[in-house]
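Structure record follows, encoded as structure tokens.
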Amino acid sequence: STYSMAVMALVTIMPLFLQRSGGFTTGQTGIVFALAMLIGAMGQPWVGRLSDAKGRRGVFIVGSVLGVATAIVAGLPLAPVWISLSLILAIGILVAIRSSVLALAVDFAGQREATTLGFVFVVMDGVGALGAALAGVVGDFQLHYAFLLAAGFSVISIAAIFAVNRAR
């Protein structure tokens, strides 16, 4: 899933970018990473409840659009503090919508919840690893280009949701 590729691209390149281009120490980088993951983890129950009440597709689309916007800001030539804040938000938002993504997959598949979740995790982690690899290739040119790549992956995932919705 391109959603997972976006998350993995951001998570993979963020520490390298912060240390190499931003001058962050290892400890500072760890704090930024922890904040991003903590925001995402704390947001998952809230986003899950919201997607139960308002609909999974809408929550996924809004979260992905916010992820796209913040990843694009991270790809701009800004001061490292602004880029780190953008990355915290981008990763936090994309991690927060993960519960909605999983529920969307279960809704789509129907009755076999455990099988579906097992398959979805394989796809998310396996395909997501490709996102990390591609971010590394793009990052060889400029590290911040990987953030734009992640934004592109999120745009593709939004388009895929619209395509699946039309097909149903």
Side-chain angles (χ1 to χ4, degrees), residues 1-17 30 32-72 74-75 86-139 143 145-168:
S1 119
T2 51
Y3 157 80
S4 297
M5 292 172 75
V7 174
M8 291 296 197
L10 291 170
V11 168
T12 301
I13 299 301
M14 182 188 71
L16 293 171
F17 179 84
V32 171
F33 185 81
L35 282 171
M37 296 306 288
L38 186 60
I39 289 169
M42 289 178 15
Q44 283 189 36
W46 181 77
V47 170
R49 185 174 184 185
L50 184 64
S51 75
D52 287 342
K54 301 293 182 186
R56 303 192 201 301
R57 285 185 182 89
V59 169
F60 174 78
I61 291 167
V62 169
S64 294
V65 167
L66 291 172
V68 166
T70 51
I72 288 171
S86 296
L87 290 170
I88 288 169
L89 289 174
I91 293 169
I93 291 165
L94 291 176
V95 169
I97 66 170
R98 187 172 192 165
S99 60
S100 183
V101 171
L102 294 172
L104 189 62
V106 169
D107 289 349
F108 185 76
Q111 295 296 323
R112 302 182 188 270
E113 292 91 356
T115 303
T116 300
L117 286 174
F119 179 73
V120 168
F121 275 112
V122 166
V123 170
M124 287 176 76
D125 294 340
V127 174
L130 179 60
L134 291 173
V137 170
V138 169
L143 285 173
Y145 289 173
F147 306 143
L148 300 175
L149 176 69
F153 288 146
S154 287
V155 168
I156 293 168
S157 69
I158 294 166
I161 285 293
F162 282 114
V164 167
N165 197 32
R166 281 205 179 114
R168 289 184 109 196

Any side-chain heavy atom of L149 within less than 4.5 Å of one from L134? yes
Nearest heavy atoms of [X] and [Y], plus distance in Å:
{"X": "A146", "Y": "A135", "answer": "CB-O, 3.8 Å"}
{"X": "I97", "Y": "S64", "answer": "CD1-OG, 3.7 Å"}
{"X": "V127", "Y": "M5", "answer": "O-CG, 3.2 Å"}

Stepwise, does the side-chain contact (heavy atoms from CB on, under 4.5 Å) test hold for V47 with S100? CA-CA 7 Å; V47 170; S100 183; 4.2 Å; yes
Among K54, R56, R49, find the one that has a salt bridge (Lys or Arg N to Asp or Glu O under 4.0 Å) with D52. R56
Apply side-chain contact (heavy atoms from CB on, under 4.5 Å) to the pair M124 and L102, showing each step before the final yes or no. CA-CA 10 Å; M124 287 176 76; L102 294 172; 3.7 Å; yes
Within this structure, what is the [atom1]-[atom2] distance for the pair [X] and [Y], rounded to the nearest 0.5 Å?
{"X": "M8", "Y": "Y3", "atom1": "CE", "atom2": "OH", "value": "10.0 Å"}
{"X": "I156", "Y": "I161", "atom1": "CD1", "atom2": "CD1", "value": "13.5 Å"}
{"X": "I61", "Y": "S154", "atom1": "CD1", "atom2": "OG", "value": "12.5 Å"}
{"X": "S1", "Y": "D125", "atom1": "OG", "atom2": "CG", "value": "10.0 Å"}
{"X": "L10", "Y": "F153", "atom1": "CG", "atom2": "CZ", "value": "10.0 Å"}
{"X": "T12", "Y": "L143", "atom1": "OG1", "atom2": "CG", "value": "11.5 Å"}

Derivation of the side-chain contact (heavy atoms from CB on, under 4.5 Å) call for Y145 and I13: CA-CA 10 Å; Y145 289 173; I13 299 301; over 6 Å; no
Check the pair V123, S4 against side-chain contact (heavy atoms from CB on, under 4.5 Å), reporting the backbone distance first and the verdict last. CA-CA 8 Å; V123 170; S4 297; over 6 Å; no
